[in-house]
There are 2 protein chains.
Amino acid sequence: MRLTTRGRYAVTAMLDLALHGDKGPISLADISQRQEISLSYLEQLFAKLRQMDLVSSVRGPGGGYRLSRDCTAINVAEIIDAVNESIDATSCNGKGNCQNGGVCLTHYLWDDLSQQIHRFLSGITLDSLVQQQEVRPVMLSGAE
Amino acid sequence: MRLTTRGRYAVTAMLDLALHGDKGPISLADISQRQEISLSYLEQLFAKLRQMDLVSSVRGPGGGYRLSRDCTAINVAEIIDAVNESIDATSCNGKGNCQNGGVCLTHYLWDDLSQQIHRFLSGITLDSLVQQQEVRPVMLSGAE
DNA sequence: TAAATAACATAGTTTTTTAGTCGGAATTAC
DNA sequence: GTAATTCCGACTAAAAAACTATGTTATTTA
């Protein structure tokens with residue numbers, strides 16, 4: 001199972017889009033500055049986000065990215081799925097052939113855990129993160 | 001966050017202990033054979049499990065490991081904690097200094113997720129895995 | 001039309017982690 | 001004393017993650 005900075009970066013960048021997206025397309029350079037993520041790395045991540053139709057792009061000066069759906073209709077699990085291979089915790093990718101073609105001792109445990117995580121993350125929309133942002137005091141992240 | 005074969009191996013090995021532990025101490029060589037995990041690697045894992053007092057060892061011929069507590073009193077979260085650094089999903093290890101000493105945009109999301117996973121895994125005891133083993137038909141894992 | 005801006009594409013590099021190896025030392029049953 | 005076993009530390013190979021570099025293409029604007 002993988003849940004590393006890649007997934008975190010992707011969610012952070014998408015949230016940045018959700019927060020600033022009302023002012024037209026947002027360039028990766030902006031996100032790069034605000035969130036302290038390397039531009040080239042962002043480009044790689046956004047290539048995948050675009051493939052999964054989570055964002056759409058506008059090229060040329062003044063261009064950038066915008067969410068391709070309303071932020072109430074994009075959840076965190078989708079974002080992580082798009083950039084990470086998966087959030088599966090089993091060794092067999094859910095196939096159940098972990099040991100000699102059969103399920104290993106702990107297959108169901110990891111399978112259940114994966115479902116648990118997926119259920120949790122898919123219940124959280126970008127919008128709900130935006131709401132939370134407005135309630136919880138944003139220490140700095142930009143200002144200061 | 002890390003949840004890889006290391007943690008899976010550890011849980012599998014501990015479950016093997018729980019399943020066979022009634023016949024006195026179990027050698028790592030046995031577990032290595034049954035679960036198809038390299039002996040040397042098991043030794044490393046059990047060093048950590050022993051440090052955390054999850055297992056106790058008996059040296060010499062006929063020796064091996066046994067659970068240091070009843071299998072109703074050992075949960076999966078402990079096991080993973082013992083061999084993996086942690087099951088924390090934040091980048092700051094829960095410290096909240098992810099960005100310029102403050103919390104990053106998505107800190108609370110990962111913090112919540114970590115708690116969720118921890119709660120799930122700590123609710124599952126070795127004993128409950130043993131029960132499950134007896135109920136769910138063990139496709140092969142040895143037989144067939 | 002030229003220059004600037006930004007996405008798009010791909011290849012390569014560095015760093016970290018994982019998984020596993022190796023060689024040996026200590027302990028204990030027989 | 002020998003064999004089985006844990007214990008210990010260093011080492012290595014391979015994979016993945018994180019990041020860099022270099023360019024190409026589309027689009028706007030002056």
Side-chain angles (χ1 to χ4, degrees), chain A residues 1-10 12-13 17 20 23-33 35-68 80 83-89 91 93, chain B residues 1-13 17 23-33 35-68 80 82-89 91 93 98:
Chain A
M1 150 137 171
R2 295 182 203 102
L3 201 44
T4 67
T5 50
R6 183 144 94 233
R8 280 198 294 265
Y9 280 173
T12 301
L17 266 192
H20 301 93
K23 329 173 187 82
I26 304 294
S27 75
L28 292 189
D30 285 357
I31 299 181
S32 171
Q33 274 206 328
Q35 306 304 333
E36 302 176 354
I37 305 171
S38 124
L39 178 58
S40 285
Y41 201 42
L42 275 178
E43 285 175 344
Q44 288 175 34
L45 298 181
F46 273 77
K48 297 191 172 187
L49 294 172
R50 197 171 57 91
Q51 278 167 30
M52 300 310 263
D53 200 39
L54 292 174
V55 297
S56 57
S57 63
V58 180
R59 299 177 77 156
Y65 287 91
R66 51 165 63 101
L67 299 177
S68 57
I80 292 180
V83 297
N84 265 349
E85 334 301 26
S86 79
I87 49 177
D88 185 21
S91 60
N93 281 310
Chain B
M1 151 139 172
R2 296 182 204 102
L3 201 43
T4 68
T5 50
R6 183 144 94 233
R8 278 198 294 264
Y9 280 173
V11 175
T12 301
L17 266 193
K23 328 174 187 81
I26 304 294
S27 74
L28 293 188
D30 285 356
I31 300 181
S32 171
Q33 275 206 327
Q35 306 305 331
E36 302 177 355
I37 305 172
S38 126
L39 177 59
S40 289
Y41 200 41
L42 274 178
E43 287 176 347
Q44 285 176 37
L45 298 180
F46 272 76
K48 296 189 174 188
L49 294 172
R50 197 171 56 92
Q51 278 167 31
M52 301 310 263
D53 200 38
L54 292 173
V55 296
S56 59
S57 63
V58 179
R59 299 176 78 159
Y65 288 91
R66 51 165 62 101
L67 300 177
S68 56
I80 292 179
V83 297
N84 266 348
E85 334 300 29
S86 79
I87 50 176
D88 185 21
S91 60
N93 281 308
C98 345

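Every value quoted in this text rests on a predicted model; they were computed, and no experiment measured them. Below, chain A is the first sequence line, B the second, and so on; all start at residue 1.
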Taking everything shown except A:Glu43 itself, do over 12 heavy atoms lie less than 6.0 Å from its CD?
yes

To the nearest Å, how far apart are A:Arg66 CZ and C:dA6 C1'?
14 Å

Rounded to whole Å, CG of A:Asp30 lies from P of C:dT5 at a distance of 13 Å

Whole angstroms only, please: what is the CG-P distance between A:Leu49 and C:dA7?
13 Å

So does B:Leu54 get a backbone contact from the side chain of B:Ser68, meaning a donor-acceptor N/O pair under 3.5 Å?
yes

Measuring to OP1 and OP2 of D:dA16, would you say a side-chain N or O of A:Thr4 lies under 4.0 angstrom away?
no

What is the separation between atom NZ on A:Lys48 and atom C1' on C:dC8, rounded to the nearest whole Å?
15 Å

Over how many whole Å does the gap from B:Leu45 atom CG to C:dT18 atom P extend?
12 Å

Closer than 4.0 Å, any side-chain N/O of A:Tyr9 to the OP1 or OP2 of D:dA17?
no

Partner residues of A:Glu36 under the side chain to side chain donor-acceptor pair (under 3.5 Å) criterion, sequence neighbours left out
B:Asn100

Please give, in whole Å, the distance from C:dT18 P to B:Arg8 CZ?
12 Å

Short N/O separations, protein against nucleotides 5-12 of chain D, under 3.5 angstrom:
unit_1: D:dT6; atom_1: OP1; unit_2: B:Leu28; atom_2: N; d: 2.8
unit_1: D:dT6; atom_1: O3'; unit_2: B:Ser57; atom_2: OG; d: 3.4
unit_1: D:dT6; atom_1: O2; unit_2: B:Arg59; atom_2: NH2; d: 3.0
unit_1: D:dC7; atom_1: OP1; unit_2: B:Ser57; atom_2: OG; d: 2.3
unit_1: D:dC7; atom_1: OP2; unit_2: B:Arg50; atom_2: NE; d: 3.4
unit_1: D:dC7; atom_1: OP2; unit_2: B:Tyr65; atom_2: OH; d: 2.3
unit_1: D:dC7; atom_1: N4; unit_2: B:Glu43; atom_2: OE1; d: 3.2
unit_1: D:dC7; atom_1: N4; unit_2: B:Glu43; atom_2: OE2; d: 3.1
unit_1: D:dC8; atom_1: OP2; unit_2: B:Arg50; atom_2: NH2; d: 2.9

Applying side chain to side chain contact (heavy atoms under 4.5 Å, CB included), can you list everything that pairs with B:Asp30, at least two apart in sequence or on another chain?
B:Ile26, B:Ser27, B:Arg34

Report the residues that fulfil side chain to side chain contact (heavy atoms under 4.5 Å, CB included) with A:Gln44, sequence neighbours left out, ordered by chain and then residue number.
A:Tyr41

From CD1 of A:Ile37 across to P of D:dT20 the rounded distance in Å is 12 Å

Round to a whole Å and report the spacing from OH of B:Tyr41 to C1' of C:dT21.
12 Å

Set of side chain to side chain contact (heavy atoms under 4.5 Å, CB included) partners for B:Val11, sequence neighbours left out:
A:Thr106, A:Leu109, A:Trp110, B:Val76, B:Ile79, B:Ile80, B:Leu129

